[in-house]
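Notes follow once the structure below has been shown.
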Amino acid sequence: MSEAQQSWEEHYGQRDRVWSGRVNVRLAELVEPMTPGRALDLGCGEGADAMWLAEHGWHVTAVDISQTALDRAAADAMARNLADRIDLQRHDLNESFPGGVFKLVSAQFLHSTVPLDRARLLRRAADAVAPGGTLVVVDHGAAPPWASKLDHHHHHHEFPTADEVVLSLNLDNSQWDRARVAAVERDAVGPTGQQAVLTDNVMVLQRR
Ligand SMILES: C[S@@+](CC[C@H](N)C(=O)[O-])C[C@H]1O[C@@H](n2cnc3c(N)ncnc32)[C@H](O)[C@@H]1O
């Protein structure tokens with residue numbers, strides 16, 4: 001097992017369930033008005049976004065490095081009768097990438113303290129967007145106040161701006177429109193109930 005996989009298996013192994021199970025709000029508001037098609041969810045974790053997309057008519061390929069997270073997503077998909085709409089695939093995205101092209105490619109908080117070549121990975125993600133399709137990347141713009149105590153995956157992380165991330169993709173401006181590139185605040189509740197305003201870097205890029 002690679003260092004990256006081991007690190008994420010340990011992360012998911014700490015608790016029965018790591019994430020809230022709710023869809024990421026910036027993804028939901030973007031996708032709700034769209035006509036469903038094929039979607040790719042990169043770093044899907046326990047599958048909350050994939051489940052939401054499938055419930056909204058999308059056929060989803062959902063990818064993560066952690067088998068533990070994927071097993072949880074598979075159990076949920078079965079329980080919610082969505083298994084035929086969600087193709088769960090284990091990839092270390094540093095090394096391999098799912099095949100095909102997609103109307104929607106989503107990377108929500110695809111951060112790692114284990115080295116991850118995000119620029120290369122997100123360029124590959126852009127290549128997987130079908131003509132007329134959308135790439136949506138949402139990153140932490142800053143560490144949540146509770147991260148330093150509870151979550152080593154956020155602590156010590158550097159947070160480039162949304163503009164810097166988009167620039168790192170080297171996209172051909174004649175082929176892509178920047179529908180939204182901004183830092184967006186969101187109210188959030190931490191693991192022990194504390195309230196905070198978090199900043200997310202939101203990037204929505206549309207392929208012509
Ligand atoms: C911060 S979590 C975000 C999970 C989910 N997208 C969400 O918004 O709740 C980052 C996810 O990326 C996955 N990940 C990290 N490095 C990866 C890699 N090299 N290849 C594939 N997945 C990776 C982790 O296992 C984890 O599930």
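Just so you know, these numbers use all the heavy atoms, side chains as well, and skip hydrogens, waters and symmetry mates. What you see is a predicted model; the values in this text were computed from it and never measured. In listed order, ligands and their atoms are each counted from 1.
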*Heteroatom distance test (D41, ligand 1): nitrogen or oxygen, under 3.5 angstrom*: no

*Counting N and O atoms only, with roles assigned by atom type, does the side chain of Q67 sit under 3.5 Å from a partner on the main chain of R90, one being a donor and the other an acceptor?*
no

*Between V18, T113, D92, flag the one that comes closest to atom 19 (N) of ligand 1 by a heavy atom.*
D92

_Within-cut-off N or O pair, G43 and ligand 1, under 3.5 Å_ = yes

*Among L27, L42, I65, whose heavy atom sits nearest atom 22 (N) of ligand 1?*
I65

*Is any NZ, NE, NH1 or NH2 atom of the basic residue among D87 and R38 found under 4.0 Å from an Asp or Glu carboxylate oxygen of the other?*
no

*Show which atoms of ligand 1 fall inside a sub-4.0 Å distance from at least one heavy-atom site of L116.*
19 (N)

_Taking the six-membered ring for Trp, are H91 and F97 closer than 6.0 Å centroid to centroid?_
no

*Between Y12, W19, W8, F97, flag the one that comes closest to atom 9 (O) of ligand 1 by a heavy atom.*
W19

_Pairs of nitrogen or oxygen atoms closer than 3.5 Å, one from D64 and one from ligand 1: do any exist?_
yes

*Which of the atoms in ligand 1, numbered in the order shown and given with their element, are less than 4.0 Å from a heavy-atom of F109?*
1 (C), 2 (S), 3 (C), 8 (O), 10 (C)

_Where ligand 1 meets N24 - atom numbers and elements under 4.0 angstrom, heavy-atom basis_ = 7 (C), 8 (O)

*Side chains of L135 and R207 in contact at under 4.5 Å (non-hydrogen atoms)*: no

*Is D49 close to ligand 1, meaning an N/O of one under 3.5 Å from an N/O of the other?*
no

*Measure the acute angle between the ring planes of W8 and H11, then classify it against the limits of 30° and 60° as parallel, tilted or perpendicular.*
perpendicular

_Proximal ligand 1 atoms for G45, defined as those under 4.0 Å from one of its heavy atoms_ = 27 (O)

*asked:* Check this for me: does any side-chain nitrogen of one of D76 and R17 sit under 4.0 Å from a carboxylate oxygen of the other?
replied: yes

*Do you see a donor-acceptor pair shorter than 3.5 Å between the side chains of T192 and W146?*
no

*Select one of side chain, backbone, both or neither to describe which atoms of H91 lie under 4.0 Å from any atom of ligand 1, heavy atoms only.*
backbone

*Indicate yes or no for a side-chain donor-acceptor contact from D92 to the backbone of I65 under 3.5 Å, with no hydrogens or angles considered.*
no

